[in-house]
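Scope of the values below: all heavy atoms of this structure, side chains included, with no hydrogens, waters or symmetry mates.
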Amino acid sequence: MTFTQFGWPAALAGAVALAGLLYWLQRLRARRRVVALPTAMLWMQAARAAPVRVLGGRFRYWLAYLLTLAIALLLWFAAAHPQVAATEGGFRRFYLDSSAVLSGGDDLARAKRALLADVRATPAARREVFSAEGRLLAPGESASLLSGRLDRVTAAARPSTFADWQARHRDGIETRYYGAWAAARDVPGRTALSYGYLADPVPGNRGIVALGVSPAASGAWRDADVLVTLAAAGAARATAADLRWTLDGAAFAPGEVTALGGGRYVLRDVAATGAVLRATLDSGDGFPADDVAAVRLPDRRPLRVALLAGTPGAVRAAVQANDSFAVVPVTRAQVVVGNAQAVGGSERPALILTPAGADATFVFAGPGEAENGDLADRLDELGLAQVDAGALATALDRPIGVDVRDAPRRSIAVWGALFDPAAPFARGAAMPAFVAQGLHWLGRSDGWRPYAKAGAPLPDQSALYGLAGAPRTDDTPTSLIDRATTRAVADAGAQPAVTGVAGRLPPDLPFLLLLVAAGLLLGAEWWLFHGGRMP
């Protein structure tokens, strides 16, 4: 037996201190004094001057003292939380798989209860507890801390990472696993694995295993095509008719839906407005983690551009010919274009036309752009790869340079002479590409997300469809989207035996017996006192 809250030394020291304190209190006795007072107004002063209990005299009432001491010691040792602990075995690691594999029914709650029972039955110095979020209990820590920490653990909609975790801990130490056989059967080092809880399989599970967007095949700039893939195990089936759609929380009825075969479907020409598109599969199969998937559509609404004083005619023509832009007054603009004097009073991102030779030919600026170096590595995506720097240098009789700087707001400063009708840049194919890509970079236009997979970063195809800005924090997918998990949880094959480590006796049996004994003695003390058999 072990004390999980205080340990043996602290428990014994507290018992000795309680015995001494109760002995000292038992020495208190009532002392009577006769005081003659001339008036009743002096009674209060006399009571304060003559305390009713003082130390001293013969120690009496041994039976009352022993009964009180027994009750106090029982409660003290119960507070130390004694546990029945297994005496055999060495160090153990415990792992709670807080991934989607425990999201069905009450699987997570049952796994937590099994974990707590096994941890309490293992000496504190010989255990360590982990979950997908990290370590929950360090060696030597009290098991009472684990219960509160487990309350904050939820089954997240992501594939299990237990196999990777176990691969990093192949040191021969036994690992007790609490999760699903689907996530544990293929991990390395299974000879050192034991199982404290395994969720039941879900035969016939169906789920959404892919959800992504791409530019509309119709060529419409402002629309997107949405790809969704469904998978089912065994004889179960799932079709597009089983899906319910919402757009930013409101019910959405897709128009044309094309079946591609193999459980794949395409929603054609969905308005790309930056809204969150969510698909829900009406399955009721006992595994809800793969029944919902969501992706944020790119924002393909026209970028609002204000063309101010100093805007060359070539830039005006390039903006007006591109249906991804809308020319608006400066009060409604997201991006402004003009010379330094015209854009100087605006706080919006700006394409600034500067005199030749005043600075580098192309100057890109923005918060942290020079420090992180991302933009410097992707300048070709802004159309500069097509610029003939030699021809420009010859025509302008000046060297051509590119600079990236840090600044509070995004801006692109470029020589206005490049857009002169006689300049080779204004007549070449690189100019409209530079204007389009540059303005979209200034406006932080979204790149395309061809698919979303739980636990993986969102892929960025902005090089094809406009350089994306900083990723949104809410772009991280919260859907499971994992074909392997959807199929694996339906596998009803043989699973290994699940055994506990607490032995035959419940681990909390000493704690419960102490509480019951203390309660019985308290009842006996009350009966003796009210019966006049104990002072």
Side-chain angles (χ1 to χ4, degrees), residues 99-101 103 155-160 205-218 222-233 236-285 287-300 446-462 464-465 468 471-490:
S99 67
V101 298
S103 61
R158 59 170 178 261
S160 174
N205 180 50
R206 306 185 301 171
I208 303 171
V209 297
L211 183 66
V213 295
S214 63
S218 64
R222 303 175 189 180
D223 293 341
D225 288 347
V226 178
L227 171 70
V228 59
T229 304
L230 308 178
R237 295 189 61 189
T239 66
D242 300 320
L243 291 172
R244 302 293 178 266
W245 299 89
T246 62
L247 200 62
D248 271 354
F252 171 70
E256 180 185 355
V257 179
T258 304
L260 302 180
R264 297 179 300 151
Y265 300 89
V266 175
L267 282 61
R268 300 290 186 189
D269 296 323
V270 179
T273 60
V276 174
L277 181 67
R278 185 179 301 275
T280 303
L281 182 63
D282 295 334
S283 66
D285 54 20
F287 186 70
D290 58 1
D291 295 343
V292 179
V295 67
R296 182 176 290 279
L297 299 172
D299 191 346
R300 304 295 281 178
D446 286 347
W448 291 95
R449 310 303 189 199
Y451 64 87
K453 178 179 173 62
L458 286 168
D460 182 9
Q461 288 191 342
S462 58
L464 298 178
Y465 306 108
R472 297 175 178 166
T473 56
D474 59 356
D475 272 339
T476 302
T478 57
S479 313
L480 175 59
I481 304 292
D482 184 65
R483 183 185 297 271
T485 302
T486 293
R487 292 192 179 278
V489 296

Review point. Between Asp223 and Ala271, which heavy-atom pair has the shortest distance, and what is it?
Key: OD1-CA, 3.6 Å
**Study point:** Note, Leu227 side chain near Ser214 side chain (heavy atom, < 4.5 Å)
**Key:** no
Practice item. Any chance you could lay out the side-chain contact (heavy atoms from CB on, under 4.5 Å) test for Leu243 and Leu230, step after step, and finish with the verdict? Key: CA-CA 10 Å; Leu243 291 172; Leu230 308 178; 4.0 Å; yes
Exercise for review: Please name the pair of heavy atoms, one in Leu480 and one in Ala289, separated by the smallest distance, quoted to 0.1 Å.
Suggested key: CB-O, 3.5 Å
Point to revise | Donor-acceptor under 3.5 Å (Ser479 side chain, Ala294 main chain) | key: yes
Review point. What heavy-atom pair brings Thr486 and Arg206 nearest, and what distance separates the two atoms?
Key: CG2-C, 4.3 Å
Check your understanding: Any side-chain heavy atom of Thr280 within less than 4.5 Å of one from Thr246?
Key -> no
Review point. So, Arg296 side chain and Gly274 main chain: donor-acceptor pair closer than 3.5 Å or not?
Key: yes
Check your understanding: Mind checking what makes side-chain hydrogen bond (donor to acceptor under 3.5 Å, both in side chains) contact with Arg268, not counting sequence neighbours?
Key -> Asp225
Point to revise | salt bridge (Lys or Arg N to Asp or Glu O under 4.0 Å) against Asp285, all qualifying residues, sequence neighbours excluded | key: none
Practice item. Taking the side chain as every heavy atom from C-beta outward, state whether Trp245 and Val228 have any atom pair closer than 4.5 Å. Key: yes
Check your understanding: Do you know the tightest heavy-atom contact between Ala100 and Phe287?
Key -> O-CE1, 3.0 Å
Exercise for review: Evaluate the criterion side-chain contact (heavy atoms from CB on, under 4.5 Å) for residue pair Phe252 and Val270; output intermediate values, then yes/no.
Suggested key: CA-CA 10 Å; Phe252 171 70; Val270 179; 4.1 Å; yes
Study note, to complete from the structure: By side-chain hydrogen bond (donor to acceptor under 3.5 Å, both in side chains), Asp282 pairs with (sequence neighbours left out) Arg244
Practice item. Say whether, by atom type as modelled, one donor and one acceptor occur between the side chain of Asp290 and the main chain of Ile208 under 3.5 angstrom. Key: no
Point to revise | Exercise: identify the closest heavy-atom pair between Ala490 and Ala233 | key: CB-CB, 3.4 Å
**Study point:** Shortest non-hydrogen separation from Ala238 to Tyr265 and the atoms involved
**Key:** O-OH, 4.1 Å
Review point. Within the distance-only criterion (no hydrogens, no angle test), does the side chain of Arg278 pair as donor or acceptor with the backbone N or O of Val295 below 3.5 angstrom?
Key: no
